[in-house]
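Labels below follow one simple rule: chain letters A, B, ... track the order of the sequence lines, proteins then strands, and each chain is numbered from 1. Worth saying up front: this structure is predicted, and the values here are computed from it rather than measured.
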Amino acid sequence: MESKLQPQVRVRFAPSPTGHPHLGNIRTALFNWLFARHHGGKFILRIEDTDIARKVEGAVDVILDSLRWLGLDWDEGPYFQSQRLYYYHEISNSLLKDGYAYLCYCSPQRLEAMRQEQMKRKQPPKYDGHCRYLTQQGKTQLEASGIVPVVRFKMPLEGETTFHDVIRGQLTFQNSTLDDFILLKSDGYPTYHLANVVDDHLMAISHILRADEWLPSVPRHVLLYQSLNWEPPQFAHLPMILGPDRSKLSKRHGATTAIEYKEQGYLPEAMINFLALLGWSLDDRTELLSREELIKHFSLGRISKTAAIFDKRKLEWMNGVYLRRLSPEEFARQSAPFLDRDLPPKVKRPLDTDYVCRITPLLQERAKTLAEVPQLADFFFLDELPYDTSLLLSGGLDATQAIKIALQRLEVVKTWDAGSLEGILRPLATELKLTTGKFFGLLRVAITGRTAAPPLFQTMAVLGKERCLKRLSTALGKLATPTIINY
RNA sequence: GCCCCCAUCGUCUAGUGGACUAGGACGUCAGCCUUUCAAGCUGAAGACAGGGGUUCGAAUUCCCUUGGGGGCACCA
């Protein structure tokens, strides 16, 4: 039983609309969501759009779409920081008034030159505090000059800052290694540090679950909380998700945007399951967990500290598992849009739904993604199969003779179903003194144009008598003119 | 350059001082099944980064080294 006196769990996913959310972002969203749902708390969505220069058009929609696709529903928001400037200014002014911050008039050029110089001298790049020590006269002068200042935090020059991270434990940083970071930019927008602290406080966030990369900025935030006399939330820094080359996930690694996986035919349930296991585990053997099971068992205590490399092959396997678990009807329904999208243009649309429903059961256990379905199914829809005649001859048998006889026997078939076809063709193999492997293999090429396909009789049954006979005749034609090569 | 984090099979991970001959999963390889492919089943190979302590005993604790990652913007 959860105690009513326990403060409510309130967590947030706070992406910035400077790009499309990648797997790492979404994994963070998932962990926050699972944590909220597990504790019956609130999952809040907050858009950190305080960088107008890097803002990407449409990014917010993609963020929302990604969350919706995965079923990560939020309880509050989306809040937009760009619509909350009032709060940041208010807090900034109060910090200024209380002597925890100061105005800085340094030009970007000066700061850049300073950094270059520091780098050249192999010093850590750090604001030199120029405006922190301005004389009253200097200040008055700069104010009069019309330069719009930024607001900087007055970092304690000595001492250390300690905080507790739920996953990492006690962490201590020397204040002297931190510099006077900017709180409010000259365009009036807050930096991440200010906006984040202000909003987490105002929104009564209880736990901050976010990626490891933020760890170094926690002492700044803790100091800010202290200056404002606010109680900081609990911190839990999640291990990062890395690309196969062990570096931070980026476009270089191919598909990294969450929504791309939808287009590539991954199921949201598989995606959730897979992502949940990147940095979290239930025990030493459970791999497949439903959404409900994840909610039930999720806990911060079982999150690992080690960065995880995203392994697409395991995702493919897991997606295959989820695909096979679908009912045949559901699999057909999910496959339809992919067939419509990816089948060759010459295939007439709209596709025959009944026909599709007869095809997809043959593909269900062969597809790792829905995007593979059209590719596995194209011979069901094509009138001409572009295969090489040599495939008919590769068995080292009299292909023409075999197909001719098969054709004769099939022409008179009344009931065209898998059972009847097998009842005719299997004895025929014996009669022709051919192994089933060779004989059926030959027919497979003639019927499907490929050497690997779903089981022959079921395939033939779905294709129907007319199409099958035609394809066998076409094969005979090809065999009759084996030397003609199409360039 | 400075600061911080991390370290078990190729990859995801279990492991919280003795139950470890280090377990599971993906992938790989082999076999079975079989009309091909897939699925399924069985099996195999495969890891505690290195060195010092602590302890009767260390994958598990401490230190150092090494390696990897992240951070150091009027970006988040």
Side-chain angles (χ1 to χ4, degrees), chain A residues 14-19 48-51 53-54 104 106-108 111-112 115 118-127 148-152 165 167-168 171-174 176-179 181-187 189-193 195-196 211-219 237 239-240 242 244 246-248 274 277-288 302 304-318 320-321 324 362-368 376 422 425-426 429 435-445 448 450-457:
Chain A
S16 74
T18 50
E48 309 223 323
D49 54 348
T50 55
D51 185 346
R54 293 201 312 153
C104 170
C106 291
S107 69
L111 296 174
E112 186 52 35
R115 258 193 300 275
Q118 287 165 334
M119 299 284 258
K120 211 193 301 178
R121 296 209 314 261
K122 302 214 182 250
Q123 300 279 305
K126 205 176 148 199
Y127 179 61
V148 184
V150 301
V151 178
R152 283 187 186 269
D165 184 276
I167 295 166
R168 320 269 154 189
L171 261 23
T172 300
F173 288 70
Q174 296 301 317
S176 58
T177 63
L178 274 19
D179 70 351
F181 60 96
I182 292 173
L183 297 168
L184 207 59
K185 301 183 266 184
S186 57
D187 63 5
Y189 281 82
T191 59
Y192 170 81
H193 304 298
N196 196 257
D212 230 351
E213 55 188 323
W214 295 108
L215 211 44
S217 58
V218 178
H237 286 87
M240 305 251 303
L242 272 22
R246 312 197 61 87
S247 72
K248 218 170 144 176
F274 179 77
L277 259 22
L278 241 38
W280 178 87
S281 64
L282 173 61
D283 55 28
D284 63 341
R285 51 197 64 250
T286 311
E287 302 282 341
L288 269 13
R302 294 201 60 85
S304 83
K305 296 178 181 172
T306 327
I309 292 173
F310 168 66
D311 180 12
K312 193 170 179 178
R313 286 186 301 182
K314 185 159 182 175
L315 203 215
E316 282 174 356
W317 162 76
M318 193 172 276
V321 171
R324 273 171 256 130
L362 300 182
L363 309 177
Q364 188 163 2
E365 70 179 28
R366 294 175 170 74
K368 289 191 292 293
L376 291 168
E422 182 162 12
L425 295 172
R426 198 174 283 281
T435 61
T436 48
K438 289 204 166 157
F439 182 47
F440 297 164
L442 170 67
L443 295 178
R444 178 174 301 107
V445 171
T448 69
R450 43 177 94 182
T451 53
L456 183 61
F457 311 124

Inset, instruction - May I ask you to say what A:P454 touches in the nucleic acid, namely base, sugar-phosphate or nothing, with a heavy-atom cut-off under 4.0 Å? - result: base
Inset, instruction - Answer yes or no: is there a side-chain heavy-atom contact under 4.5 Å between A:H237 and A:L215? - result: yes
Legend entry - Pairwise P distance for B:C64 and B:A22, with rounding to whole Å: 30 Å
Inset, instruction - Quick one: label A:P239 by what it contacts on the DNA or RNA (base, sugar-phosphate, nothing), any heavy atom closer than 4.0 Å. - result: nothing
Legend entry - Residue-phosphate contact under 4.0 Å: A:R324 side-chain N/O, B:G40 OP1/OP2: yes
Inset, instruction - Decide yes or no, distance alone: a donor-acceptor N/O pair under 3.5 angstrom between the base of B:C37 and the side-chain of A:R366. - result: yes
Legend entry - Rounded interatomic separation in angstrom, taking NZ from A:K438 and C1' from B:U34: 17 Å
Inset, instruction - May I have the step-by-step check of salt bridge (charged side-chain N to carboxylate O under 4.0 Å, His left out) for A:K314 and A:D311, ending in yes or no? - result: CA-CA 6 Å; A:K314 185 159 182 175; A:D311 180 12; over 6 Å; no
Legend entry - Sugar-phosphate only, base, or nothing, as touched by A:L456 at under 4.0 Å among non-hydrogen atoms: base
Inset, instruction - Assign A:K314 to base, sugar-phosphate, or nothing according to its heavy-atom contacts below 4.0 angstrom with the strands shown. - result: base
Legend entry - Any A:R285 side-chain N or O less than 4.0 Å from OP1/OP2 of B:A25: no
Inset, instruction - Find the distance A:W317:CH2 to B:U11:P and express it as a whole number of Å. - result: 18 Å
Legend entry - Closest-nucleotide 5' rank along RNA chain B - winner of A:G437 and A:R121: A:R121
Legend entry - Quiz item: cation-pi between A:R152 and A:F181, 6.0 Å / 45°: no
Inset, instruction - Write down the partner of B:G46 under the Watson-Crick or G-U wobble criteria, each distance required to be under 3.5 Å. - result: none
Legend entry - Atom NZ of A:K126 with >12 non-hydrogen neighbours under 6.0 angstrom: yes
Legend entry - B:A14 versus B:A47 - spacing of their C1' atoms, nearest Å: 13 Å
Inset, instruction - Could you pull out the closest heavy-atom pair between A:P190 and A:A195, with the gap in Å? - result: CG-CB, 3.7 Å
Inset, instruction - Choose from B:G24, B:G27, B:U35 the nucleotide whose nearest atom is closest to any side-chain atom of A:E287. - result: B:G24
Inset, instruction - Before accepting this row, confirm whether a basic side-chain N of the pair A:R168/A:D212 lies closer than 4.0 Å to the acidic partner's carboxylate O. - result: yes
Inset, instruction - Considering only atom P, compute the distance from B:A49 to B:U13 and round it to an integer number of Å. - result: 15 Å
Inset, instruction - Classify the nucleic acid contact of A:F173 as base, sugar-phosphate or nothing, counting any heavy atom under 4.0 Å across all strands shown. - result: sugar-phosphate
Legend entry - SB check A:R313 A:E316 (cutoff 4.0 Å): no
Legend entry - Distance between C1' atoms of B:U61 and B:U16 (Å, rounded): 11 Å
Inset, instruction - Would you mind classifying the nucleic acid contact of A:G320 as base, sugar-phosphate or nothing, using non-hydrogen atoms under 4.0 angstrom? - result: nothing
Inset, instruction - Examine the side chains of A:T18 and A:S16 and answer whether a donor and an acceptor come within less than 3.5 Å of each other. - result: yes
Legend entry - Counterpart base for B:U11, defined by Watson-Crick or G-U wobble contacts under 3.5 Å: B:A25
Legend entry - Nearest-nucleotide 5' precedence on RNA chain B, A:E422 against A:Q174: A:Q174
Legend entry - Gap between atoms CZ and P, on A:R444 and B:U35 respectively (whole Å): 10 Å
Legend entry - Euclidean distance for C1', B:U8 against B:G23 (whole angstrom): 11 Å
Inset, instruction - For each nucleotide in nucleotides 68-76 of chain B, reading 5' to 3', give B when a protein heavy atom comes within less than 4.0 Å of its base, S when such contact involves only the sugar-phosphate, and - otherwise. - result: SSBSBSBBB
Legend entry - Distance between P atoms of B:G1 and B:C62 (Å, rounded): 28 Å
Legend entry - Paired nucleotide for B:G40 [Watson-Crick or G-U wobble; both distances under 3.5 Å]: B:C32
Inset, instruction - Give the rounded distance in Å between these two atoms: NZ of A:K368 and P of B:G40. - result: 12 Å
Legend entry - Protein-nucleotide distance (A:R313, atom CZ; B:C9, atom C1'), rounded to Å: 14 Å
Legend entry - Distance in angstrom units between A:E316 CD and B:U11 C1', rounded: 13 Å
Inset, instruction - With heavy atoms under 4.0 Å as the rule, sort A:R450 into base, sugar-phosphate or nothing. - result: nothing
Legend entry - Separation between the C1' atoms of B:G27 and B:G67, rounded to whole Å: 24 Å
Inset, instruction - Could you work out the separation of B:C12 and B:A30 based on their C1' atoms and round it to a whole Å? - result: 24 Å
Inset, instruction - Round to a whole Å and report the spacing from CG of A:D284 to P of B:U8. - result: 17 Å
Inset, instruction - Give one of base, sugar-phosphate or nothing for A:A453, where a contact means two heavy atoms less than 4.0 Å apart. - result: base
Legend entry - Aromatic plane relationship, A:F274 with A:F310 - under 30° parallel, 30 to 60° tilted, over 60° perpendicular: perpendicular
Inset, instruction - Could you walk me through whether A:E287 and A:L277 pass the side-chain contact (heavy atoms from CB on, under 4.5 Å) test, one step at a time? - result: CA-CA 8 Å; A:E287 302 282 341; A:L277 259 22; 3.9 Å; yes
Inset, instruction - Take atom CZ of A:F274 and atom C1' of B:U13, then tell me their distance rounded to the nearest Å. - result: 12 Å
Inset, instruction - Answer with base, sugar-phosphate or nothing: what part of the nucleic acid does A:L315 contact at a heavy-atom distance below 4.0 Å? - result: nothing
